[in-house]
Amino acid sequence: MTVPFKPWLLASMGVLLLAGCATPDLRLVSKPEMQFSELRTYATTFRMASQLEPGRLATGGAQVSVCAFCR
Amino acid sequence: MRLLPVSLLVLVAGSAAAQPNDFSIHRLETDAETTWQSDIFLAEAGARYWQEWEGVRWDAAFTYNAYSIEYEPFRLYDFFGFNETLHEDRFAGQMTVRPEIGDRLKVIASGGIYDGYQDYRRVWLANYYRQQYSHPRFPQRPGYKEPNPKGWNLSAGLRWEYWPELGFAEARAGYNVDDVAPGFVENPSTGGVIQGRSRLYTSSATLSFENVVGPRVRVLNELGVSDTTERDVRWSWQGSVNVALGERWVLRPLGGFTLEDPEFEAFWYGATLEFAVTKWCSILASANYYEDTGEVLDPFAFSSAAPALRTHQFTLGLRFTWSRFVVKIAGGPYNTDYDELPPNSRSFTNLYRDRHWAFAQASLAVTF
């Protein structure tokens with residue numbers, strides 16, 4: 001098993017962590033449509049993706065296994 | 001269903017344990033999605049109740065899936081199969097509690113159960129094996145068992161607001177147990193069939209960072225890893241960005257990938273553009289693309305694994321906001337395009353054929 005090490009991914013996460021040090025005006029980023037909300041009325045994801053696109057990242061809990069018997 | 005009464009009892013007991021004035025926020029959301037085309041109709045509906053009370057947020061969610069399939073075998077390769085109309089249900093419940101243990105730290109604990117097939121593909125495959133080894137005109141083959149798919153999950157984690165309102169980190173670990181519809185292989189020495197593994201265990205972990213990186217940009221990075229019985233470790237990453245292009249425009253692109261040895265790779269990207277026509281009404285347009293390499297390991301072996309897949313989805317929608325109510329409706333085309341199956345696995349041609357679906361979604365949320 002080779003772990004897919006991605007330096008650029010770690011670097012971008014570090015930049016994002018430090019980015020919190022700024023104190024911008026929060027009026028626009030506080031709007032409901034600017035949140036990563038669990039509300040489906042504001043979410044951009046859709047439920048059917050878990051059935052039709054088996055490689056998608058599952059969020060909000062443990063990932064469902066994908067067809068282990070059929071290979 | 002046993003899970004629904006139990007979950008409802010927990011919900012009612014939790015509500016009854018507190019005084020009305022103790023509650024700061026209640027929220028109820030219901031939604032439904034359907035996807036259909038000529039031979040398959042899929043529907044999923046859910047209801048979720050949130051409550052925030054004295055530094056504790058908890059929610060309970062119920063989900064119902066319906067699968068309707070006009071099953072048709074690929075007769076050139078499947079001599080036993082016959083046309084059949086299939087209807088299956090899936091019921092699921094999930095409960096999550098988020099108590100605060102400090103000014104900026106929350107614990108997240110979640111658990112859930114379900115009963116039924118996880119997707120339409122498993123309904124189709126279970127019927128294939130049923131017709132092969134439990135055909136109504138022939139004696140049932142020794143070793144064949146009717147599937148009884150169900151499962152449960154638990155997860156726990158922490159959410160840390162490491163910079164007030166600007167930076168959040170969240171880590172979770174989870175464990176799933178899934179009883180799936182197993183596959184079967186023939187045993188020539190006995191004339192029976194051998195059942196594949198039906199119980200799968202999955203350990204998983206996710207790490208995510210949410211950051212405000214300016215007055216107009218909010219970013220979410222999610223990294224996931226999972227390990228399922230008889231499979232290699234799966235790594236996934238998804239990045240999402242919400243950009244306020246102006247007072248009335250929001251652009252929400254996202255992209256991600258998944259890697260799983262020995263050969264499975266998937267990536268996806270898409271974007272949603274929102275325009276606030278009025279204070280109460282927004283128009284939404286989105287486009288999404290997904291591609292994977294498929295799950296076939298040996299093209300010369302008989303296998304029900306999916307070949308490589310590409311999907312395209314386009315959606316137009318409206319969202320209405322009135323005081324405490326939010327309503328969203330959306331719909332559009334959804335195309336799935338599979339590669340051709342290896343010659344030895346053509347029995348599954350009608351499962352993995354290209355399809356042009358229609359997609360519709362509606363949701364309603366109320367805060368009180």
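Residue numbers begin at 1 in each chain, while the letters A, B, ... track the order of the sequences. Model, not experiment: these values are computed from the prediction.
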>> Heavy-atom pairs under 4.5 Å with chain A: which of B:T96, B:D292, B:V243 has the most?
In response: B:V243
> Is a side-chain N or O of B:E274 found less than 3.5 angstrom from the main chain of A:E33, in a donor-acceptor match?
Replying inline: no
> For the residue pair B:Y334 and A:F46, is the inter-centroid distance of their aromatic rings smaller than 6.0 Å?
Replying inline: yes
> A:F36 versus B:E210: any side-chain heavy-atom pair under 4.5 Å?
Replying inline: yes
>> I'd like to know if B:R48 pairs up with A:E38 as an ion pair, taking the criterion as any Lys NZ or Arg NE/NH1/NH2 lying under 4.0 Å from an Asp or Glu carboxylate oxygen.
In response: yes
> Ignoring hydrogens and geometry, is there a side-chain-to-backbone donor-acceptor pair from A:K31 to B:E247 under 3.5 Å?
Replying inline: yes
> So which part of B:S286 gets closer than 4.5 Å to some heavy atom of chain A, the side chain, the backbone, both or neither?
Replying inline: neither
> By side chain to side chain donor-acceptor pair (under 3.5 Å), which residues pair with A:Q51, not counting sequence neighbours?
Replying inline: none
> Looking at B:E170, B:E165, B:R27, B:E33, which has the largest count of heavy-atom pairs under 4.5 Å with chain A?
Replying inline: B:E33
>> For a 4.5 angstrom cut-off between non-hydrogen side-chain atoms, does B:W237 reach A:L57?
In response: no
>> Ignoring hydrogens, what is the shortest heavy-atom contact between A:L28 and B:G246? Give both atom names and the distance.
In response: CD2-O, 4.3 Å
> Given that the side chain runs from C-beta out, which part of B:R216 has a heavy atom under 4.5 Å from chain A: side chain, backbone, both or neither?
Replying inline: both
> What part of B:T63 gets closer than 4.5 Å to chain A, counting heavy atoms only: side chain, backbone, both or neither?
Replying inline: side chain
> So which of A:T44, A:L39, A:T45 has the largest heavy-atom pair count under 4.5 angstrom toward chain B?
Replying inline: A:L39
> With a 4.5 angstrom heavy-atom cut-off, which part of B:T321 approaches chain A: side chain, backbone, both or neither?
Replying inline: side chain
> Considering only heavy atoms from C-beta outward, does the side chain of A:L26 approach that of B:V212 to under 4.5 Å?
Replying inline: yes
>> Side chains of B:V326 and A:P32, heavy atoms from C-beta outward: is any pair under 4.5 Å?
In response: no
> What part of B:A43 lies closer than 4.5 angstrom to a heavy atom of chain A: side chain, backbone, both or neither?
Replying inline: backbone
> Is chain A contacted by the side chain of B:Y117, its backbone, both, or neither, given a heavy-atom distance below 4.5 Å?
Replying inline: neither
> So do A:Y42 and B:K328 actually touch side chain to side chain, heavy atoms under 4.5 Å?
Replying inline: no
>> Using only atom types and a distance under 3.5 Å, with no angle test, would you say the side chain of B:R218 pairs donor to acceptor with the backbone of A:M34?
In response: yes
> Would you say the side-chain atoms of A:T41 pair up with the backbone N or O of B:L364, donor to acceptor, closer than 3.5 Å?
Replying inline: no
>> Once rounded to the nearest 0.5 Å, what's the spacing between atom CD of B:Q118 and atom OG of A:S50?
In response: 9.0 Å
> Would you say the side chain of A:M48 lies within less than 4.5 Å of the side chain of B:L42, judging by non-hydrogen atoms?
Replying inline: yes
>> How long is the straight-line distance from CZ of A:R56 back to OG1 of B:T258, given to the nearest 0.5 Å?
In response: 9.5 Å
>> Quick check on the interface: out of B:P215, B:G111, B:A266, who has the most heavy-atom pairs with chain A under 4.5 Å?
In response: B:P215
> Can you name the residues that form a salt bridge (Lys or Arg N to Asp or Glu O under 4.0 Å) with A:R47, not counting sequence neighbours?
Replying inline: B:D31, B:E44
> Which of the residues B:A362, B:G224, B:S240 is involved in the greatest number of heavy-atom pairs with chain A at under 4.5 angstrom?
Replying inline: B:S240
> Atom CG of A:L52 and atom CZ of B:F359: how far apart are they, to the nearest 0.5 Å?
Replying inline: 9.5 Å
> When you measure from the side chain of B:Y290 to the backbone N and O of A:G55, does any donor-acceptor pair fall under 3.5 Å?
Replying inline: yes
